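Bear in mind that the values here come from a model prediction, so they are computed numbers and not experimental data. We name chains A, B, ... by the order of the sequence lines, and we start the count at 1 in each one.
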2 protein chains.
Amino acid sequence: MTAARPFADVLQRLRSAGLRPTRQRLALAKLLLENGDRHVTAEQLHSEARQASIPVSLATVYNTLHQFTDAGLLREVVVAPGRSYFDTNTGDHHHFFYEESGRLEDIPGDQVVVGALPAAPSGTTIRRVDVIVRLGERE
Amino acid sequence: MTAARPFADVLQRLRSAGLRPTRQRLALAKLLLENGDRHVTAEQLHSEARQASIPVSLATVYNTLHQFTDAGLLREVVVAPGRSYFDTNTGDHHHFFYEESGRLEDIPGDQVVVGALPAAPSGTTIRRVDVIVRLGERE
DNA sequence: GCTAATTTTAGAACTCCTCTAAAGTATTGA
DNA sequence: TCAATACTTTAGAGGAGTTCTAAAATTAGC
(Lines give C-alpha, C1' and ligand atoms only; values in the text may rest on other atoms or scores of the structure.)
Protein backbone atom coordinates (compact mmCIF):
# COMPACT_ATOMS: atom_id res chain seq x y z
CA MET A 1 0.00 0.00 0.00
CA THR A 2 2.71 2.39 -0.96
CA ALA A 3 3.34 2.35 -4.69
CA ALA A 4 -0.08 1.01 -5.65
CA ARG A 5 -1.72 3.57 -3.40
CA PRO A 6 -4.03 5.39 -5.77
CA PHE A 7 -5.20 2.08 -7.11
CA ALA A 8 -6.01 0.69 -3.69
CA ASP A 9 -8.02 3.82 -3.05
CA VAL A 10 -10.03 3.16 -6.17
CA LEU A 11 -11.22 -0.21 -4.95
CA GLN A 12 -12.35 1.39 -1.74
CA ARG A 13 -14.06 4.27 -3.43
CA LEU A 14 -15.83 2.07 -5.92
CA ARG A 15 -17.15 -0.12 -3.16
CA SER A 16 -18.34 2.78 -1.09
CA ALA A 17 -20.14 4.16 -4.11
CA GLY A 18 -21.87 0.81 -4.52
CA LEU A 19 -19.97 0.00 -7.71
CA ARG A 20 -18.64 -3.47 -8.30
CA PRO A 21 -14.95 -3.52 -9.15
CA THR A 22 -15.33 -5.11 -12.54
CA ARG A 23 -12.53 -5.74 -14.99
CA GLN A 24 -13.56 -2.79 -17.14
CA ARG A 25 -13.93 -0.32 -14.31
CA LEU A 26 -10.60 -1.28 -12.80
CA ALA A 27 -8.80 -1.11 -16.13
CA LEU A 28 -10.25 2.31 -16.92
CA ALA A 29 -9.46 3.54 -13.42
CA LYS A 30 -5.90 2.41 -13.90
CA LEU A 31 -5.57 4.31 -17.17
CA LEU A 32 -7.12 7.38 -15.69
CA LEU A 33 -5.64 7.56 -12.24
CA GLU A 34 -2.15 6.11 -12.53
CA ASN A 35 -0.85 8.65 -14.98
CA GLY A 36 -0.97 11.88 -13.07
CA ASP A 37 -3.45 14.65 -13.80
CA ARG A 38 -5.32 13.99 -17.01
CA HIS A 39 -8.04 15.56 -19.10
CA VAL A 40 -9.68 13.06 -21.42
CA THR A 41 -12.78 12.85 -23.55
CA ALA A 42 -14.83 9.69 -23.65
CA GLU A 43 -13.69 8.92 -27.20
CA GLN A 44 -10.05 9.43 -26.25
CA LEU A 45 -10.27 7.09 -23.31
CA HIS A 46 -12.10 4.54 -25.41
CA SER A 47 -9.43 4.40 -28.11
CA GLU A 48 -6.69 4.47 -25.50
CA ALA A 49 -8.24 1.46 -23.80
CA ARG A 50 -8.49 -0.47 -27.02
CA GLN A 51 -4.89 0.31 -27.88
CA ALA A 52 -3.95 -1.07 -24.50
CA SER A 53 -5.83 -4.26 -25.41
CA ILE A 54 -8.63 -3.58 -22.97
CA PRO A 55 -11.73 -4.53 -24.89
CA VAL A 56 -14.39 -2.17 -23.64
CA SER A 57 -17.37 -0.68 -25.40
CA LEU A 58 -17.93 3.04 -25.83
CA ALA A 59 -21.16 2.79 -23.86
CA THR A 60 -19.24 1.36 -20.92
CA VAL A 61 -16.68 4.13 -21.14
CA TYR A 62 -19.48 6.68 -20.90
CA ASN A 63 -21.18 4.81 -18.07
CA THR A 64 -17.93 4.47 -16.19
CA LEU A 65 -16.91 8.08 -16.60
CA HIS A 66 -20.26 9.22 -15.24
CA GLN A 67 -20.20 6.75 -12.38
CA PHE A 68 -16.69 7.83 -11.44
CA THR A 69 -17.77 11.45 -11.63
CA ASP A 70 -20.72 10.76 -9.32
CA ALA A 71 -18.39 8.90 -6.98
CA GLY A 72 -16.10 11.92 -6.80
CA LEU A 73 -13.17 10.33 -8.62
CA LEU A 74 -13.50 12.61 -11.64
CA ARG A 75 -14.85 15.97 -12.53
CA GLU A 76 -16.54 16.88 -15.80
CA VAL A 77 -15.61 20.06 -17.64
CA VAL A 78 -17.61 21.23 -20.64
CA VAL A 79 -15.63 23.57 -22.81
CA ALA A 80 -17.59 23.79 -26.04
CA PRO A 81 -20.78 22.35 -27.51
CA GLY A 82 -19.94 18.72 -28.11
CA ARG A 83 -16.67 18.81 -26.26
CA SER A 84 -16.65 17.52 -22.74
CA TYR A 85 -13.59 16.54 -20.73
CA PHE A 86 -13.16 14.43 -17.63
CA ASP A 87 -10.52 15.68 -15.25
CA THR A 88 -8.74 13.38 -12.81
CA ASN A 89 -7.89 16.29 -10.55
CA THR A 90 -10.88 16.67 -8.27
CA GLY A 91 -9.34 19.33 -6.08
CA ASP A 92 -10.36 22.97 -6.17
CA HIS A 93 -8.76 24.36 -9.30
CA HIS A 94 -9.53 25.91 -12.66
CA HIS A 95 -8.66 25.56 -16.32
CA PHE A 96 -6.94 27.01 -19.32
CA PHE A 97 -8.66 26.14 -22.57
CA TYR A 98 -6.64 26.52 -25.77
CA GLU A 99 -9.29 27.45 -28.31
CA GLU A 100 -7.14 26.67 -31.35
CA SER A 101 -6.08 23.18 -30.35
CA GLY A 102 -8.95 22.22 -28.08
CA ARG A 103 -6.51 21.37 -25.27
CA LEU A 104 -7.54 21.69 -21.64
CA GLU A 105 -5.01 22.26 -18.88
CA ASP A 106 -5.05 22.91 -15.15
CA ILE A 107 -4.19 26.39 -13.98
CA PRO A 108 -1.34 26.07 -11.50
CA GLY A 109 -2.82 26.22 -8.04
CA ASP A 110 -0.96 29.23 -6.76
CA GLN A 111 -2.28 31.49 -9.49
CA VAL A 112 -5.46 32.32 -7.64
CA VAL A 113 -8.44 33.42 -9.66
CA VAL A 114 -11.60 33.49 -7.61
CA GLY A 115 -11.92 36.31 -5.13
CA ALA A 116 -15.32 36.95 -3.58
CA LEU A 117 -18.13 34.51 -4.31
CA PRO A 118 -21.59 35.91 -4.88
CA ALA A 119 -24.37 34.93 -2.50
CA ALA A 120 -26.38 31.99 -3.75
CA PRO A 121 -29.95 32.98 -4.66
CA SER A 122 -32.37 32.00 -1.92
CA GLY A 123 -33.36 28.36 -1.91
CA THR A 124 -30.14 27.33 -3.63
CA THR A 125 -26.63 26.28 -2.73
CA ILE A 126 -23.46 26.67 -4.70
CA ARG A 127 -22.43 23.22 -5.91
CA ARG A 128 -19.33 24.27 -7.77
CA VAL A 129 -17.67 27.21 -9.41
CA ASP A 130 -16.15 26.58 -12.83
CA VAL A 131 -13.62 29.02 -14.17
CA ILE A 132 -12.38 28.57 -17.72
CA VAL A 133 -9.73 30.93 -19.01
CA ARG A 134 -9.98 30.83 -22.81
CA LEU A 135 -6.72 31.32 -24.62
CA GLY A 136 -5.90 32.31 -28.17
CA GLU A 137 -2.61 32.55 -29.96
CA ARG A 138 -0.83 35.82 -29.34
CA GLU A 139 -1.02 37.92 -32.51
CA MET B 1 -31.91 57.57 -32.08
CA THR B 2 -33.39 57.46 -28.63
CA ALA B 3 -36.03 54.77 -28.20
CA ALA B 4 -35.01 52.64 -31.19
CA ARG B 5 -31.40 52.98 -30.18
CA PRO B 6 -30.33 49.39 -29.75
CA PHE B 7 -31.98 48.53 -33.04
CA ALA B 8 -30.26 51.34 -34.94
CA ASP B 9 -26.99 50.06 -33.52
CA VAL B 10 -27.71 46.65 -34.93
CA LEU B 11 -27.92 47.90 -38.50
CA GLN B 12 -24.58 49.59 -38.04
CA ARG B 13 -22.96 46.63 -36.44
CA LEU B 14 -24.24 44.20 -39.02
CA ARG B 15 -22.92 46.37 -41.82
CA SER B 16 -19.52 46.79 -40.22
CA ALA B 17 -19.33 43.03 -39.81
CA GLY B 18 -20.05 42.66 -43.52
CA LEU B 19 -23.48 41.16 -42.90
CA ARG B 20 -26.44 42.21 -45.00
CA PRO B 21 -29.38 43.37 -42.92
CA THR B 22 -31.80 40.77 -44.22
CA ARG B 23 -35.34 40.33 -43.02
CA GLN B 24 -34.41 37.29 -40.94
CA ARG B 25 -31.37 38.83 -39.30
CA LEU B 26 -33.22 42.01 -38.41
CA ALA B 27 -36.19 40.12 -37.03
CA LEU B 28 -33.99 37.88 -34.89
CA ALA B 29 -31.97 40.86 -33.71
CA LYS B 30 -35.19 42.54 -32.69
CA LEU B 31 -36.31 39.53 -30.68
CA LEU B 32 -32.92 39.21 -29.06
CA LEU B 33 -31.94 42.76 -28.37
CA GLU B 34 -35.15 44.63 -27.67
CA ASN B 35 -36.14 42.62 -24.65
CA GLY B 36 -33.41 43.34 -22.16
CA ASP B 37 -30.80 40.80 -21.14
CA ARG B 38 -31.64 37.37 -22.46
CA HIS B 39 -30.21 33.86 -22.47
CA VAL B 40 -31.60 31.76 -25.28
CA THR B 41 -30.80 28.48 -26.96
CA ALA B 42 -31.04 28.14 -30.73
CA GLU B 43 -34.14 25.98 -30.46
CA GLN B 44 -35.82 28.47 -28.13
CA LEU B 45 -35.18 31.38 -30.45
CA HIS B 46 -36.38 29.36 -33.40
CA SER B 47 -39.74 28.50 -31.85
CA GLU B 48 -40.09 32.02 -30.51
CA ALA B 49 -39.58 33.41 -33.99
CA ARG B 50 -42.14 31.09 -35.51
CA GLN B 51 -44.67 31.99 -32.84
CA ALA B 52 -44.09 35.62 -33.73
CA SER B 53 -44.86 34.71 -37.36
CA ILE B 54 -41.32 35.15 -38.50
CA PRO B 55 -40.76 32.24 -40.82
CA VAL B 56 -37.13 31.33 -40.38
CA SER B 57 -35.37 28.01 -40.61
CA LEU B 58 -33.44 26.44 -37.79
CA ALA B 59 -30.29 26.52 -39.92
CA THR B 60 -30.64 30.27 -40.29
CA VAL B 61 -31.12 30.68 -36.57
CA TYR B 62 -27.86 28.84 -35.98
CA ASN B 63 -26.05 30.80 -38.68
CA THR B 64 -27.37 34.07 -37.35
CA LEU B 65 -26.50 33.35 -33.74
CA HIS B 66 -22.94 32.52 -34.72
CA GLN B 67 -22.61 35.54 -36.98
CA PHE B 68 -23.92 37.80 -34.22
CA THR B 69 -21.51 36.20 -31.79
CA ASP B 70 -18.59 36.82 -34.15
CA ALA B 71 -19.78 40.39 -34.60
CA GLY B 72 -19.74 40.92 -30.85
CA LEU B 73 -23.50 41.27 -30.43
CA LEU B 74 -23.83 38.05 -28.48
CA ARG B 75 -21.77 35.80 -26.32
CA GLU B 76 -22.00 32.01 -26.24
CA VAL B 77 -22.10 30.16 -22.94
CA VAL B 78 -21.82 26.38 -22.80
CA VAL B 79 -23.21 24.96 -19.61
CA ALA B 80 -23.55 21.25 -20.25
CA PRO B 81 -22.98 18.78 -23.05
CA GLY B 82 -25.64 19.62 -25.60
CA ARG B 83 -26.76 22.81 -23.87
CA SER B 84 -25.45 26.05 -25.22
CA TYR B 85 -26.88 29.51 -24.54
CA PHE B 86 -26.49 32.80 -26.31
CA ASP B 87 -26.35 35.80 -24.01
CA THR B 88 -27.31 39.28 -25.16
CA ASN B 89 -25.24 40.85 -22.43
CA THR B 90 -21.76 41.16 -23.90
CA GLY B 91 -20.31 43.10 -21.01
CA ASP B 92 -17.90 41.62 -18.50
CA HIS B 93 -20.04 39.46 -16.24
CA HIS B 94 -20.60 35.90 -15.10
CA HIS B 95 -23.38 33.35 -14.65
CA PHE B 96 -25.48 31.35 -12.28
CA PHE B 97 -26.53 28.01 -13.72
CA TYR B 98 -29.45 26.25 -12.05
CA GLU B 99 -28.62 22.61 -12.53
CA GLU B 100 -32.12 21.33 -11.79
CA SER B 101 -34.00 23.57 -14.21
CA GLY B 102 -31.28 24.28 -16.73
CA ARG B 103 -31.80 28.04 -16.34
CA LEU B 104 -28.95 30.46 -16.88
CA GLU B 105 -28.87 33.87 -15.24
CA ASP B 106 -26.47 36.79 -14.98
CA ILE B 107 -24.71 37.31 -11.69
CA PRO B 108 -25.43 40.87 -10.58
CA GLY B 109 -22.44 42.99 -11.51
CA ASP B 110 -21.58 44.23 -8.05
CA GLN B 111 -21.05 40.72 -6.71
CA VAL B 112 -17.46 40.49 -7.88
CA VAL B 113 -16.01 37.06 -8.45
CA VAL B 114 -12.71 37.19 -10.26
CA GLY B 115 -9.74 38.38 -8.27
CA ALA B 116 -6.28 37.86 -9.71
CA LEU B 117 -5.98 36.47 -13.21
CA PRO B 118 -3.26 33.94 -13.92
CA ALA B 119 -0.56 34.83 -16.42
CA ALA B 120 -1.35 33.52 -19.90
CA PRO B 121 1.07 30.77 -20.96
CA SER B 122 3.72 32.11 -23.32
CA GLY B 123 2.60 32.55 -26.89
CA THR B 124 -1.04 32.94 -25.86
CA THR B 125 -3.43 35.69 -24.86
CA ILE B 126 -6.48 35.48 -22.66
CA ARG B 127 -9.53 35.85 -24.87
CA ARG B 128 -12.12 35.57 -22.18
CA VAL B 129 -12.70 34.27 -18.68
CA ASP B 130 -15.89 32.33 -18.15
CA VAL B 131 -17.15 31.82 -14.63
CA ILE B 132 -20.15 29.60 -14.07
CA VAL B 133 -21.50 29.23 -10.56
CA ARG B 134 -23.46 25.99 -10.51
CA LEU B 135 -26.42 25.95 -8.18
CA GLY B 136 -28.44 23.16 -6.64
CA GLU B 137 -31.53 23.24 -4.51
CA ARG B 138 -30.80 23.80 -0.87
CA GLU B 139 -31.43 20.58 1.03
C1' DG C 1 -33.96 46.28 -63.92
C1' DC C 2 -29.97 43.15 -64.57
C1' DT C 3 -26.13 40.80 -62.84
C1' DA C 4 -23.29 39.10 -59.35
C1' DA C 5 -22.70 38.07 -54.63
C1' DT C 6 -24.82 36.74 -50.54
C1' DT C 7 -28.36 34.50 -47.87
C1' DT C 8 -31.95 31.30 -46.81
C1' DT C 9 -33.85 26.90 -46.80
C1' DA C 10 -35.26 21.91 -46.23
C1' DG C 11 -33.50 18.01 -45.52
C1' DA C 12 -29.69 15.00 -45.20
C1' DA C 13 -25.85 14.08 -42.49
C1' DC C 14 -22.86 14.21 -38.63
C1' DT C 15 -21.19 14.04 -33.80
C1' DC C 16 -21.67 13.09 -29.36
C1' DC C 17 -24.15 10.72 -26.21
C1' DT C 18 -27.93 7.62 -24.20
C1' DC C 19 -30.98 3.83 -24.39
C1' DT C 20 -32.38 -1.04 -25.05
C1' DA C 21 -32.65 -5.70 -24.44
C1' DA C 22 -29.91 -9.64 -24.32
C1' DA C 23 -25.75 -11.96 -22.79
C1' DG C 24 -22.20 -12.00 -19.35
C1' DT C 25 -20.16 -11.41 -14.66
C1' DA C 26 -20.02 -10.61 -9.71
C1' DT C 27 -22.12 -11.38 -5.20
C1' DT C 28 -24.93 -13.62 -1.81
C1' DG C 29 -26.57 -17.14 0.95
C1' DA C 30 -27.46 -21.82 1.73
C1' DT D 1 -19.56 -24.65 -3.86
C1' DC D 2 -23.30 -23.75 -6.40
C1' DA D 3 -27.47 -21.92 -7.56
C1' DA D 4 -30.19 -17.74 -7.40
C1' DT D 5 -30.09 -12.88 -7.70
C1' DA D 6 -28.40 -8.51 -8.78
C1' DC D 7 -25.56 -5.84 -11.33
C1' DT D 8 -22.72 -4.87 -15.53
C1' DT D 9 -21.40 -4.96 -20.23
C1' DT D 10 -22.34 -4.86 -24.96
C1' DA D 11 -23.63 -3.87 -29.90
C1' DG D 12 -26.43 -1.49 -32.18
C1' DA D 13 -30.42 1.43 -32.50
C1' DG D 14 -31.98 5.89 -31.30
C1' DG D 15 -32.01 10.74 -30.06
C1' DA D 16 -30.53 15.57 -29.38
C1' DG D 17 -28.17 19.22 -31.01
C1' DT D 18 -25.67 21.12 -34.64
C1' DT D 19 -23.57 21.53 -39.29
C1' DC D 20 -23.57 20.69 -44.18
C1' DT D 21 -25.33 20.78 -48.99
C1' DA D 22 -27.00 22.38 -53.11
C1' DA D 23 -30.77 24.72 -54.96
C1' DA D 24 -33.98 28.66 -54.65
C1' DA D 25 -34.56 33.28 -53.01
C1' DT D 26 -33.00 37.74 -51.74
C1' DT D 27 -30.00 41.73 -51.69
C1' DA D 28 -26.64 45.10 -53.47
C1' DG D 29 -24.32 47.53 -57.02
C1' DC D 30 -24.48 49.33 -61.40
Any N/O pairs under 3.5 Å between the protein and nucleotides 24-30 of chain C? List them or say none.
residue : atom : partner : partner atom : Å
C/dA26  : N3   : A/R20   : NH1          : 3.4

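Atom CZ of A/R127 has more than 12 neighbouring heavy atoms from other residues, nucleotides or ligands inside a 6.0 Å radius. Counted within 6.0 Å of CD on B/Q111, heavy atoms from surrounding residues, nucleotides or ligands total more than 12; the atom is thus considered enclosed.
Residues meeting the salt bridge (charged side-chain N to carboxylate O under 4.0 Å, His left out) test with A/E105, sequence neighbours left out: A/R103.
A/F68 and A/I54 fall within the same hydrophobic cluster, where Ile, Leu, Val, Met, Phe, Trp and Tyr residues are linked whenever their side-chain heavy atoms come under 4.5 Å apart, directly or through other members. Residues B/L32 and B/V10 share a single hydrophobic cluster, defined by chaining ILVMFWY side chains whose heavy atoms lie under 4.5 Å apart.
Nucleotide C/dC16 holds its C1' atom 7 Å from the CD atom of A/E43, rounded to whole Å. Look at CG on A/L45: it is 15 Å from P on C/dC16, rounded to the nearest Å. Distance B/L19 CG to D/dT26 P: 19 Å, rounded to the nearest Å. Here the P atom of nucleotide D/dT9 and the NE2 atom of A/H46 are 13 Å apart, to the nearest Å.
Taking a 4.0 Å limit (strictly below) on heavy-atom distances, residues 79-89 of chain B does not reach DNA chain C anywhere. Listed by residue number, the members of residues 49-76 of chain A with any heavy atom below 4.0 angstrom from DNA chain C are A/A59, A/Y62, A/H66.
B/V78 places none of its side-chain heavy atoms less than 4.5 Å from the side chain of B/D130.
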### Query
Can you list the steps and then say if A/E99 with B/R128 is a side chain to side chain contact (heavy atoms under 4.5 Å, CB included)?
CA-CA 11 Å; A/E99 297 199 319; B/R128 198 171 86 186; over 6 Å; no
### Step-by-step side chain to side chain contact (heavy atoms under 4.5 Å, CB included) determination, A/E48 to A/R38
CA-CA 13 Å; A/E48 198 176 312; A/R38 304 199 60 191; 2.7 Å; yes
### Task
Begin with the C-alpha distance, continue with both residues' side-chain angles, and end with the deciding distance and a verdict on side chain to side chain contact (heavy atoms under 4.5 Å, CB included) for A/L14 and A/L26.
CA-CA 9 Å; A/L14 289 189; A/L26 290 174; 4.2 Å; yes
### Query
Can you list the steps and then say if B/E137 with A/T124 is a side chain to side chain contact (heavy atoms under 4.5 Å, CB included)?
CA-CA 4 Å; B/E137 280 157 10; A/T124 70; 5.9 Å; no
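Residue pairs meeting the side chain to side chain donor-acceptor pair (under 3.5 Å) criterion with at least one member in residues 18-28 of chain A, sequence neighbours excluded: A/R25-A/Q67.
Side-chain atoms of A/N89 and A/H39 include no donor-acceptor pair closer than 3.5 Å.
When all heavy atoms of A/L135 and B/A120 are compared, the pair lying nearest together is CD2-CB, 4.2 Å.
For the helix from C/dG1-D/dC30 to C/dA30-D/dT1, the end axes, each set by the C1' atoms of five terminal pairs, are bent relative to each other by 30° (nearest 10°).
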